[in-house]
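Throughout, a chain's letter reflects where its sequence line sits, starting with A, and its residues are numbered from 1.
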There are 2 protein chains.
Amino acid sequence: MGLLLLKYMLKYQPLDLAFQALGDPTRRALVERLAGGPASVSELAAPLPMSMPAVMGHLKVLEQSGLVKSEKIGRVRTCRIDPKMLSQAEQWVAERRVLWERNLDRLGQFLDEENI
Amino acid sequence: MGLLLLKYMLKYQPLDLAFQALGDPTRRALVERLAGGPASVSELAAPLPMSMPAVMGHLKVLEQSGLVKSEKIGRVRTCRIDPKMLSQAEQWVAERRVLWERNLDRLGQFLDEENI
């Protein structure tokens, strides 16, 4: 494997997990709910048409990706957004969009200058 | 399945594919390269330490997700970013981050008012 790609893969591993976690509608529904404030696992599971273990599986994927963290106090596990990873994912996409737009501007400028 | 979740899943299907596509370092490298301007499949494959069919597989995932489009002229297939889906993915994450920050502000305000 090329050293550059290896470095790239090692560097961006966390984004893999974050984007993979967001690639599922139930997990996005959980992120959406938690963006409104912390919630217990039972509160998160209540509106979802699936078993508690299924919800916990999705929460585990979200925790492993760094998008969500949780804390157990007594018998209640409370989940909350960990904003760092959400910002990182947003920033990755935003930077590529900006790069793309800048490239498009340059093309437009070139066409203008050349009167094409 | 709950009707609400069904609606949610139908509505957001495209985001599933977009985030899943971004959850891979090679595909992010391809998006990164294409953000700098259109490129042929051979140009995209050249720096990558993998077979042409493997690169084409990744490009197919990117096309199916709507992040990339391609056009074949003569024997050359040229790929470019389709910015709509990139913006949609960015917007989804940005809106949840803003919602989360607004919720945090409200909490801070509450604590201030209550002098906690």
Side-chain angles (χ1 to χ4, degrees), chain A residues 1-13 15-38 47-50 65 67 80-104 106-107, chain B residues 1-13 15-38 47-50 65 67 80-104 106-107:
Chain A
M1 188 187 293
L3 189 61
L4 266 176
L5 190 73
L6 185 65
K7 273 190 185 165
Y8 189 92
M9 290 174 81
L10 289 175
K11 192 174 168 196
Y12 285 101
Q13 197 81 6
L15 278 179
D16 289 7
L17 298 181
F19 284 126
Q20 284 164 24
L22 292 175
D24 176 276
T26 304
R27 290 197 291 267
R28 286 202 304 283
L30 290 167
V31 168
E32 171 101 46
R33 166 63 189 82
L34 290 173
L48 296 173
M50 59 185 71
S65 76
L67 288 165
R80 61 190 74 236
I81 293 286
D82 191 341
K84 274 196 299 283
M85 188 48 73
L86 207 58
S87 294
Q88 265 187 51
E90 181 185 348
Q91 211 177 326
W92 191 91
V93 183
E95 282 171 9
R96 273 73 212 168
R97 185 188 45 79
V98 167
L99 179 62
W100 181 84
E101 281 172 1
R102 204 176 299 155
N103 174 66
L104 205 69
R106 269 204 313 271
L107 180 66
Chain B
M1 189 187 292
L3 189 62
L4 268 174
L5 190 74
L6 185 65
K7 273 190 185 165
Y8 189 92
M9 289 173 80
L10 289 174
K11 191 174 169 195
Y12 284 101
Q13 197 81 7
L15 279 179
D16 288 8
L17 298 181
F19 284 127
Q20 284 164 25
L22 292 174
D24 176 277
T26 303
R27 290 197 292 267
R28 285 201 304 283
L30 290 166
V31 168
E32 172 101 44
R33 166 63 188 83
L34 290 172
L48 296 174
M50 59 186 73
S65 76
L67 288 165
R80 60 190 74 233
I81 293 286
D82 191 341
K84 274 196 299 285
M85 188 48 72
L86 207 58
S87 294
Q88 266 188 50
E90 180 185 351
Q91 210 176 327
W92 192 91
V93 183
E95 282 172 8
R96 272 72 212 167
R97 185 188 45 77
V98 167
L99 179 63
W100 181 85
E101 281 172 1
R102 203 176 298 156
N103 175 66
L104 205 69
R106 269 206 311 272
L107 179 68

What is the minimum heavy-atom distance between [X] and [Y], and which atoms define it?
X      : Y      : result
B:P83  : A:W100 : CG-CH2, 3.2 Å
A:E90  : B:V93  : CB-CG1, 3.7 Å
B:N103 : A:P38  : ND2-CD, 4.4 Å

Pick from A:G37, A:A21, A:A89, A:G23 with the largest number of heavy-atom pairs that fall under 4.5 Å of chain B: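 Going by pairs under 4.5 Å, I would pick A:G23.
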Gap between atom CD of B:E32 and atom CH2 of A:W92 - 0.5 Å precision: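 That separation rounds to 6.0 Å.
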Pairwise distance CG(B:L86) to CZ(A:R96) - rounded to 0.5 angstrom: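 The CG atom of B:L86 sits 9.5 Å away from the CZ atom of A:R96.
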Worked check of side chain to side chain contact (heavy atoms under 4.5 Å, CB included) between B:R97 and A:I81: CA-CA 9 Å; B:R97 185 188 45 77; A:I81 293 286; over 6 Å; no
